[in-house]
Amino acid sequence: MNRWDVLVEVSPRAEIADPAGTTVERALAALGFAGVSSVRVGKAIRMEVTAADVSEARSVTEQMCDRLLANPVIEDARIELRAAAQDHSP
Amino acid sequence: MSAAASVPRNVTVGVVQFPGTNCDLDTLDALAELGARTALLRSDETSLSGVDAVVIPGGFAHGDYLRTGAIARFSPIMNAVESFAGAGGPVVGICNGFQVLTEAGLLPGALRPNAGLSFLCQPQQLIMASVDHVLGHGLSPSDQLSIPINHFEGNYVCDGATLQRLRANGQVVMRYVSNPNGSVDDIAGICNESGNVVGLMPHPERATSELLGSTDGCKLLEALLSAAASTRQAVDHHAA
């Protein structure tokens, strides 16, 4: 078995209003950051997943997203996987 | 209190308590004042103990971590609630309870942060949109009610097809007279297709005494007791 560093990025779906994103965008403009648009505020979920290979790690993470981590009515989930550093192994 | 003589008293309403629920005791008290028997149902229980209706009250179940209702929906009690709802039992989700019911898939759509990003705690004028559900007995469409809201995530969203279906089937239970949170179509409450599962953001248990500013919440809770009595009769009849 191998370990994978997994990042799940959950964001409001494109057609869903994101008041937090809109507010951050206005605040950035107020601070003088010109040319910033399409700000979306979501959440990042990091974890370590033990799996036989990368496709199993991805598949199990997709199941986690479907069942709990994201609500498909309002959110999209994006998954990033990276092999965990070997020196963490017991 | 306006516990009318016609309110059925011979029913038991279960009120679910998750870790972080905070409107459970107010809801129990309001139902008891109307003459109902009440039962507090802990979220780790697996049975509804024979209640005639279930209320999932407001609060912050499991801290609302991840998303409102996201963790709560996997509580053991929710399997029993889903079976009860599937068998036609009256289930009402108030505020956080509404959020739990959408997460559980018992009601369509979802609740997002308020459009203005303010936590809203205020009296709210509502207009009944349909009465063909477990909170409708004794009310008429276009009846106006004043019932407080108390939420950060009350902004109801659903896709266009779902909204069309809700409207066509009379599943919009009530609307805000003046939309406080950005909800699509001013929606404050909805029901499932059979009308036995209702979710609403306003808190009827907080509008049960003139001292609280309104007794309109009694109308909805009394309607629930009537629905519970009908369900009970149906069950008793079936068993007889």
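Here is the naming used below: chain letters follow the sequence lines, and residue numbers restart at 1 for every chain.
Interatomic distance, CG of A/Leu68 versus CD of B/Glu103, reported as 8.5 Å (0.5 Å rounding). How far CG of A/Asn71 is from CD of B/Gln99: 11.5 Å, rounded to the nearest 0.5 Å.
B/His62 NE2: more than 12 foreign heavy atoms inside a 6.0 Å radius. Applying the 6.0 Å contact sphere to CG of A/Asp53 captures more than 12 heavy atoms from other residues, nucleotides or ligands. The number of heavy atoms from other shown groups lying within 6.0 Å of CD (A/Glu62) is above 12. Environment of CZ in B/Phe74: crowded, with over 12 heavy atoms of neighbouring residues, nucleotides or ligands closer than 6.0 Å.
Interface remark: of the candidates A/Thr23, A/Ile45, A/Leu69, A/Leu69 forms the most heavy-atom pairs closer than 4.5 Å to chain B.
Residues from residues 73-80 of chain A that place a non-hydrogen atom less than 4.5 Å from a non-hydrogen atom of chain B comprise A/Val73, A/Ile74, A/Glu75, given in numerical order. Contacts of residues 6-22 of chain A with chain B at a heavy-atom distance below 4.5 Å involve A/Pro12, A/Ile16, A/Ala17, A/Asp18, A/Pro19, A/Ala20, listed in sequence order.
The part of B/Asn114 that comes within reach of chain A is its backbone (N, CA, C, O), which places non-hydrogen atoms under 4.5 angstrom from that chain. Both the backbone and the side chain of B/Ala110 come within contact range of chain A, each with at least one heavy atom under 4.5 Å from a heavy atom of that chain.
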